[in-house]
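The structure under discussion appears below in the form of structure tokens.
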2 protein chains.
Amino acid sequence: MKNIEIEDDLYKYILANIEAFGETPSQILRRLLSLPDAFENTVASVTPTLKSIPSDQKVELVKPDIIDGAQISLPASLAHGVKILFESKVFKQETIVTHKFMMMLTAMYHENKDAFVAAAQKTKGRTRDYLGQNLKVLLATENKEELTLLKASKPRDIPYTPFWVITNANTARKRIIMTQMMSTMGYPQDLIERIKEEI
Amino acid sequence: MKNIEIEDDLYKYILANIEAFGETPSQILRRLLSLPDAFENTVASVTPTLKSIPSDQKVELVKPDIIDGAQISLPASLAHGVKILFESKVFKQETIVTHKFMMMLTAMYHENKDAFVAAAQKTKGRTRDYLGQNLKVLLATENKEELTLLKASKPRDIPYTPFWVITNANTARKRIIMTQMMSTMGYPQDLIERIKEEI
DNA sequence: GATCGGATCGGGGGGATGGTTG
DNA sequence: TCCAACCATCCCCCCGATCCGA
């Protein structure tokens, strides 16, 4: 049971609508609101959370875009390419290298999807892929052994993107992956050289 | 004002029909029942009670302010921003860290609401939110499991504010939260550095 | 006995390091 | 065999929330 505080006139109004002797305010309210006696409704919370990059959830959204047929809204900080991203506050304030790494990839994807797709295919290690599409499908499809191996690399979805990246790598390797991606995609040399300062 | 007792589910139903932050159950009921507004306007019910922060009840009240359409009166000690707060007697004499923590947040909210709102969204832990709006609604809406988790963090309404904060944290973490909030809101570095002395 | 502040300690994630492969 | 490149184990630190003491 809960106690709520209401103004006197509202209280009078409720009592004025009494229909049976001994009816409680609560019962009267139910009737007035056309609610069943045993009302049991859960209002589901619909908050799509982006657990992987915690920092800029509800930031200004721009650029409605289409990914896999679904429309998405991209945070402003990620919508204007790598160069602008480097200058953005959210990027500078982010301390976790993996997050910066993924933010860059998001920005790059939206800057040039075709080039990104091509570069993603070429960027891989000796035994493992570094990037790919549709992580969920991959995780569902592979056989047990391969799956264990795959998971060891800690692949994660790149936010606002149909791609995933490997996450279990030291910073040096993350730089290598970034460098390869940016080179293949044709980013200018001076921007590529900034990688080691930025992440 | 009258108090009436209602079942939990009815209470949830009422809160589920909230349309504006800070709306009281009474106001919601009026709308649902198509009743005119009361002539006597409520202030008390919107204002989070200050039973948690003791002993400045009879203190000078200043700065009539608007929170979500309701007018409130703010204790002088909390009305002039963080810097003044640090120098105030009530703050210095307060021994409970959590109270000081919340006093600072109240002061910060009134010093710059927009910045506060933005900073509150960004300030969060790995799995839990640190601040948010409308605790009542949150508590009524979430599903059982999430609710238990949420409650473990002991969220409390920040007095004179539509926000709540996590309270179940050690002092070190409270400092981290404060630091993040103040940085994001753009407080000067020297004030931020005083956090570890002040709380 | 009940409540409340918040230190303590278990758990989880980031990514450096040591081991492995070609 | 040795070296370079790569992999993924595992350490350390951060975060959460249980629980102890006031």
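Residue numbers begin at 1 in each chain, while the letters A, B, ... track the order of the sequences.
What separates CG of A:Asp129 from C1' of D:dC6 is a distance of 14 Å, to the nearest Å. We find that CZ of A:Phe101 is positioned 16 Å from C1' of C:dA16, with the value rounded to whole Å. Rounded to an integer number of Å, the gap from CD1 of B:Ile96 to P of C:dG5 is 6 Å. Rounding to whole angstrom units, CZ of residue A:Arg175 and P of D:dA5 are separated by 16 Å. In this structure, CD1 of B:Ile166 is placed 15 Å from P of C:dG6, rounded to the nearest angstrom. Distance A:Glu94 CD to C:dG14 C1': 12 Å, rounded to the nearest Å. If you take NZ of A:Lys174 and P of D:dC7, they are 14 Å apart, rounded to a whole angstrom. Between B:Met178 atom CE and C:dG6 atom P there is a gap of 15 Å when expressed in whole angstrom units.
In this structure C:dG1 sits in no base pair that meets the Watson-Crick or G-U test at under 3.5 Å.
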Quick tally for nucleotides 9-22 of chain D: nucleotides whose base has a protein heavy atom under 4.0 Å get B, sugar-phosphate-only ones S, the rest -, giving BB----BSBBB---

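B:Thr123 contributes no side-chain N or O that, together with a main-chain N or O of B:Gln180, makes up a donor-acceptor pair within less than 3.5 Å.
Nearest heavy-atom pair across B:Lys174 and B:Thr167 is CE-O, 3.7 Å. Residues A:Ala152 and A:Asn168 share a closest heavy-atom pair of O-OD1, 2.9 Å.
For B:Arg156 and C:dG5, the shortest distance from a side-chain N or O to OP1 or OP2 is below 4.0 Å. A close approach under 4.0 Å does occur between a side-chain nitrogen or oxygen of A:Thr98 and OP1 or OP2 of C:dG15. Residue B:His99 places at least one side-chain N or O under 4.0 Å from the OP1 or OP2 atom of C:dG5. When the side-chain nitrogen and oxygen atoms of B:Thr167 are compared with OP1 and OP2 of C:dG6, none of them lie within a distance under 4.0 Å.
The shortest side-chain heavy-atom distance between A:Met108 and A:Met178 falls under the 4.5 Å cut-off.
Aromatic ring centres of B:Phe163 and B:Phe116: separated by under 6.0 Å.
Under the side-chain contact (heavy atoms from CB on, under 4.5 Å) criterion, A:Glu197 pairs with A:Arg194, not counting sequence neighbours.
Pairs passing the ring-ring contact (aromatic ring centres under 6.0 Å, His included) check and including a residue from residues 171-199 of chain A, sequence neighbours excluded, do not occur.
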